[in-house]
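Below, chains carry the letters A, B, ... as their sequence lines are ordered, and counting in each starts from 1. As the structure is a computational prediction, the values presented were derived from the model and not from experiment.
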Amino acid sequence: MMAELNQEQTKNNDVKEKKEKDKKEKKEKKEKKHKKEDGTKEKKEKKDKDGKHKDKKEKKEKKHKDKEHKKDKKEKKEKKEKKEKKDTEVGDKPVAKRRLHVVKHLQAKKKRQEKNSEQKVLLKTEDDYEPVNRWWEREDGAESGKRGAKKWDTFEHHGLLFAPDYEPINVPLVYDGQEVYLPPEAEEIAYYWTSVKGTPYEVKDIFIKNFWKTFKEYLPKNSPIKDFKKCDFTKLSNHREAERQKRLNRSKEEKEAEKAKTAKETEWYSHAIVNGVREKLGNFRLEPPQLFRGRGEHPKQGLLKKRTFPESVTLNIAETACVPKVCGMPGHAWRDIVHENTVQWIATFEDGLLQDSKYVSFAATSGLKGQPDMLKYDRAKRLVSKIDQIRDSYRSLMKSKKPADRQKATATYFIDKLALRVGGEKDTEEEADTVGCCSLRVEHLKLTEPLTIHLDFLGKDSIRYTNSVEVTKEVFDNVQGFISGKAPTAQVFDKIAPADLNEYFKQFMDDLSAKVFRTYNASFTLQAELNRFEVKNRSSFSQDQLYQFYNDANRQVAILCNHQKAESKGHAQSMEKMRNAQKEMERNYKALKRHVQALQQGKPIQDASAKLPKDAKAAEKKMHEVKARLLRHRTAIETKEANKTVSLGTSKVNYMDPRITVAWCKKVDLAIEKVFPKTIRTKFPWAMHFPSSYVFE
DNA sequence: AGTTTAACTTAGAATTGAGATA
DNA sequence: TATCTCAATTCTAAGTTAAACT
């Protein structure tokens, strides 16, 4: 038995090793490919190009040094002067900023400001604001937003900001009552452990097991530390907490100074220039090392995600642009520099734990993200006109003789009706066990005669999906057929994969895929819910009530898409508080009502101690106020409870066509700021001008 | 024709910040 | 004037998909 087990294990190890070997080989091949590409065509140019680069690089470095020199000098000057100078001085701004604002404009601005300062008047003009890249007004529209389309002719940026080194704190771990000072590498891991204190990871078996495995690897061979249960990390976590408090307790000035400092640092990296337009980046900081926080029962949670060094970072930049300096990492160099103008990333790097690569790309407000995003909503809108045809198609496929077709039809039904994700295959050794439509297993479904299907499974991010739906006879019979005789762990749709569905969808629309149904469903639902608002009753709605109406619609979408959030820790308590406040308000209201009646009927006032108006009219007015406040409070309670575990933001940001919201707000005269916070408004600049007549249909 | 992966979108948690409130 | 609350922002994990690769 034991021998068998061992054999089995070695077998497994062999397989694993082979897998890893394969991966390595592939990587090497990939690198070779890159080299080859660079090598053949560009060999001739390479020499003088390198020369050029070097020149540019040196120049740039010199500039940088000059800048720093200036900075030192400047810091000695008075604050006021500094501020003024910063606003007007052209030469002190980083390259990215200077390019965009165009020197001319800045000079004009300077002149105006000089003039204004004489008059002591501050006048803002268009030049004071970040210019918006109005790509949606261009003739070719969002053409370059298509996947694989050319995205730039010129393209430059300043590279990435690396995570700071770990600073050893020299605080001991207490092991079995004894203080043990750890070598810096081990202390670092122990310190990362303290960062999950107070989170669910702290008590999760997989996390603890993996952390312990990692930690042991970093302990010296002769370390007395052998058992997790005997480890006491409190001294380390106290240190962390003390540091946090120190940060929190900084003076206002300190905070401001630090903020300004990081802002300056950030400014250097935060934007790229794409075709001469300054575009904001999403992330430019490389991920700091930490214990991996995989969701749900992720088998790798708790393992160390290692620090990223320049050697695993590839930059994407125009051939003509300066190669950014590798900052704060002396002796290190970028892995590669590429010039791919059909992709939207500025850098890609290897994840410090999982085998996949990650990307550094643009912020949601950028044109590079905005264009494909707008196309996404247009695609979903086009689906509206195709949906009947598609439904007819899969309805007839339900009764097909081919099992694969019946599965295709049934799966499409779920995607259409329930807005399920398509559900690709997952590697259970490396990832958490979650499913979508195609990967649903028999154990996830329960059928109840005559037509009800109960679904219960873990979806993306290990968020539980539970729903009971009444389906058509065909669907019910099909599903029953698919699951009968199968093991609980067998796939319901064993004859189809996401690619089959997407291929099927292509016959209706060349850019239709499974995920479009979710966008369509969300937008369609929002439109339908908002349509229920009767504009002729508009005058009886306050802004708050309109907002509430919108949120109710939004919530329907979020529920459809199963967008959840964890219940906040103080929820029950604050709910209690609000209910108590409500009771108090109700008592007050009743007292006031009696008081008003007493005044109206000329009866003597019962409770003279209360500060109530003596005048009947004033009392009545107050009564109405209190009533209104009470009603508002009641709906606030209802909303809070309804939103306890429902996340409205995800659908607002990713699923609902923003033009629907814009149009409705215009139609009912609700301030858009109420429903679209700043981030959303700047994400959808292309949608803001649509008229109230826009409909998603 | 099936499998893998590069490139992209979508997701909830954690952190930060701003405003309300005691 | 501190504290509390909630909204906004940041972070990065975890999906989908088409194209590239066997």
Side-chain angles (χ1 to χ4, degrees), chain A residues 22-23 26-27 29-30 33 145-148 195-196 198-201 244 247-249 252 255 259 282-288 290 292-296 298 300-301 305 314 316 340 342-345 348 351-364 368-369 372-373 376 421-427 430-432 434-439 459-463 497-503 505-506 510-519 522 558 561-566 568-571 573-574 577-578 640 643 645 647-651 653-655 677-680 682:
Chain A
D22 282 355
K23 262 176 206 162
K26 265 175 202 163
K27 234 177 217 172
K29 264 186 198 168
K30 202 177 115 196
K33 199 198 120 206
K146 285 188 176 152
R147 208 187 169 102
S195 80
V196 298
T199 72
Y201 290 111
R244 204 177 77 93
R247 254 188 77 77
L248 245 47
N249 292 335
K252 217 175 184 179
K255 274 184 190 165
K259 201 178 166 189
N283 53 328
F284 46 86
R285 272 174 226 282
L286 280 155
E287 297 173 12
Q290 59 165 308
F292 176 64
R293 298 185 179 205
R295 309 274 170 86
H298 198 296
K300 292 201 161 183
Q301 60 180 279
K305 185 177 73 176
T314 299
N316 188 24
E340 309 265 358
T342 59
V343 296
Q344 58 162 237
W345 50 269
T348 177
D351 185 272
L353 173 68
L354 309 168
Q355 68 278 29
D356 54 339
S357 51
K358 291 186 168 172
Y359 297 89
V360 177
S361 195
F362 290 85
L368 276 112
K369 285 279 187 194
D373 205 43
K376 175 185 80 183
R421 296 186 187 83
V422 72
E425 208 186 338
K426 291 191 78 183
D427 181 350
E430 305 269 310
E431 303 168 285
T434 64
V435 299
C437 186
C438 290
S439 47
K460 181 177 179 180
D461 292 299
S462 295
I463 297 293
D500 301 312
L501 289 183
N502 286 335
E503 191 195 68
F505 297 147
K506 295 286 177 287
D510 63 352
D511 53 355
L512 182 61
S513 68
K515 76 195 275 285
V516 182
F517 282 84
R518 260 170 91 80
T519 317
C561 295
N562 201 37
H563 291 142
Q564 300 189 16
K565 64 175 188 219
S568 73
K569 37 178 156 66
H571 178 82
Q573 205 184 358
S574 68
K577 215 169 147 189
M578 282 177 93
K640 195 180 167 78
N643 287 343
T645 58
S647 169
L648 303 188
T650 308
S651 48
V653 172
N654 298 303
Y655 284 107
K678 200 184 113 211
T679 4
I680 309 264
T682 49

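Backbone-only engagement by A/Lys640 is indicated by non-hydrogen atom pairs under 4.0 Å involving sugar-phosphate atoms exclusively.
For A/Asn654, no side-chain nitrogen or oxygen approaches OP1 or OP2 of B/dT9 to under 4.0 Å. Contact annotation: A/Lys577 does not reach the phosphate of C/dC4 (side-chain N/O to OP1 or OP2, under 4.0 Å). Considering only side-chain N and O atoms, A/Tyr655 lies nowhere under 4.0 angstrom from the phosphate OP1 or OP2 of B/dT9. Phosphate proximity of B/dC8 to A/Lys358: absent, as no side-chain N or O sits under 4.0 Å from OP1 or OP2. Phosphate contact (OP1/OP2 of C/dC11, side-chain N/O of A/Gln290, threshold under 4.0 Å): absent. Neither OP1 nor OP2 of B/dA7 sits under 4.0 Å from any side-chain N or O of A/Ser361. Regarding contacts with the backbone of C/dA13, every side-chain N or O of A/His298 stays at 4.0 angstrom or more from both OP1 and OP2. Side-chain N/O atoms of A/Arg518 include one lying less than 4.0 angstrom from OP1 or OP2 on B/dA11.
Smallest separation of non-hydrogen atoms from A/Tyr655 and A/Ala522: CB-CB, 3.5 Å.
In the set B/dA7, B/dT9, C/dA13, the nucleotide with an atom closest to the side chain of A/Lys515 is B/dT9. Each of C/dG15, B/dG12, B/dA6 was ranked by its minimum atom distance to the side chain of A/Lys426; first place goes to C/dG15.
A/Ile463 has its CD1 atom 11 Å from the P atom of C/dA14, to the nearest Å. Spacing between atom CD of A/Glu340 and atom C1' of B/dC8 amounts to 15 Å, rounded to whole angstrom units. Rounded to whole Å, the distance from CD on A/Glu425 to C1' on C/dA14 is 16 Å. Distance A/Met578 CE to C/dC4 C1': 14 Å, rounded to the nearest Å.
The closest side-chain heavy-atom distance from A/Glu287 to A/Asp351 is below 4.5 Å. You'll find the side chain of A/Cys561 stays beyond 4.5 Å of the side chain of A/Thr650, heavy atoms only.
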